[in-house]
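Please read the structure below before turning to the comments.
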Amino acid sequence: MKPRKVPAAATAVLMLALAATACGSGGGSDDGKKVTVGIKFDQPGVGLKTPDGDYEGFDVDVARYVAGQLGYAPSDIVFKEAKSADRETLLQRGDVDFIVASYSINDERRTKVDFAGPYFLAHQDVLVRAGDDSITSPADLNGRKLCSVTGSTSAQNVKNELAPRAQLQEYGGYSECLTGLENGTIDAVTTDDAILAGYAAQDHFKGKFRLGGFELSDELYGIGVKKGDTELRSDIDTALRKMVLDSAWQRAVEANFGPAGYRSEPPPGIGAPAAETPAG
Amino acid sequence: MFDFLQGYDVLGAFWTTVQLTLWSAIGSLLWGTALAAMRVSPVPVMRGFGTWYVNVVRNIPLTVIIIFTSLGLFQTLGVSLGAGTFTVINFRLAVLGLIAYTSAFVCEALRSGINTVPLGQVEAARALGLGFTQVLGLIVLPQAFRSVVGPLANVLIALTKNTTVAAAIGVPEAALLMREMIENEAQLILISAVFAAGFLVLTLPTGLFLGWVSRKAAVRR
């Protein structure tokens, strides 16, 4: 009996391999009416894949609106996970058509990809326990216990500039930080306010945390497109301007960040010149 | 081409990797030897514990163990291992987790070495009147260690690479610096290559040296 199983297993392996390559070549939009958009899958409020396979968050709302303006029906949008470290590669290889994934515009990245937008101005901020009144200004952070995600820009800002005397705990994800914040081993979680607001707005955290409201840095989120694709870039810019004008932008901000007490800001100037790029 | 390295303490990060490796190696050699002794001991409870420990711990992903040391031991139970700052606490927790994990593999390597010692040696030692600890400590383990230098070198190399998991709880070692650089520099492949080369520099000489030691030390039978 045993030897006969080998061809079956080999066929299964071969089919898996074929299926994998088939997925790999299904990227670009030119072969059909599909559009592939890179988003975060793990940031509540910004870009999240829900357990039932749907997607939600501010980036997702922006991506859907832009794709709609580019002429794609909602069912033609294929969302693909774009982890921070993979974003440039995904665009360069053409695996995604554009990326809406809390993608801060900076000079290093601009050498690799082009950015449409910016569509959002985020600030590095802190999330503290709702009952904790000891942190009211950025100066209060020194000597306290902060938490952020391993290697992130926010974590590096804390280490190098904002609060060098603060203790910094780095974890693989913000959920671990929030566990520590909840049970008191950590005093404040720090990253972009949009991301913090998204976490604080989750049902099981509602009312437990508040945003500090410190504008520790400026992060302009852009939509990444392949380097040199100026046509797509200007189409996306047009779509973004329309989104702001017909107040879909404002609705998306309120729906995704509102419950956390996030003070919404006016949208940034879309298609702003390169000189406005913040550091980091 | 390599100007992205400027402003980063790559050597310092690898030094933390080396420290993690050394402390964990020493700890897991001690605890692994104790586990191996338990697994061959005449006391059923100790044998049972040794077997249970090895089978449970080596089948848990290392990431889970390391994150548990931080979220479970430190944050929830308040175990800070006598340290006051996150930097020291995380380092010690990571070493603890790595020891707990690696010693299961050390134990199994050592037990295979114990099995290479001919039964006649143990019987002769018993006939001379040596007790269990004496048989193990004077006769069996010295020969067992000499025959498992090769397998233990494998474990050490695996341990060196496993230290990268400590980045998950914020120990500032090589993998954490790599993530920072990838975040800042948008040079994914070059940065990865630099760190891969760094690990080769650590592990290749280890492998070559211990391979030589294992040929020298092996008991010829």
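FYI, side chains are in, hydrogens and waters are out, and symmetry mates aren't considered; it's all heavy atoms of this structure. First the proteins, then the strands, lettered A, B, ... as listed; each starts at 1.
Of the atoms belonging to A:Gln156, it is side-chain heavy atoms, and not backbone ones, that fall under 4.5 Å from chain B. Proximity to chain B (any heavy atom under 4.5 Å) is restricted, for A:Thr89, to the side chain, taken from C-beta onward. For B:Thr63, no part lies under 4.5 angstrom from a heavy atom of chain A. In this structure, chain B has no heavy atom under 4.5 Å from any part of A:Leu181. With a 4.5 Å cut-off on non-hydrogen atoms, B:Ile67 touches chain A through its side chain but not through its backbone.
Without hydrogens or angle criteria, A:Arg210 side chain to A:Asp132 main chain gives a donor-acceptor distance under 3.5 Å.
For the residue pair A:Thr191/A:Ser154, the side-chain donor-acceptor check at 3.5 Å is satisfied.
Ring centroids of A:Tyr199 and A:Phe209 are separated by 6.0 Å or more, keeping the two rings apart. Two rings, from B:Tyr53 and B:Trp31, have their centers less than 6.0 Å apart.
Ion pairing of A:Asp42 with A:Lys83 is absent here, as no side-chain N (NZ or NE/NH1/NH2) approaches a carboxylate O to less than 4.0 Å.
Interface summary for chain B: among A:Asn183, A:Val149, A:Asp86, the most heavy-atom pairs under 4.5 angstrom belong to A:Asn183.
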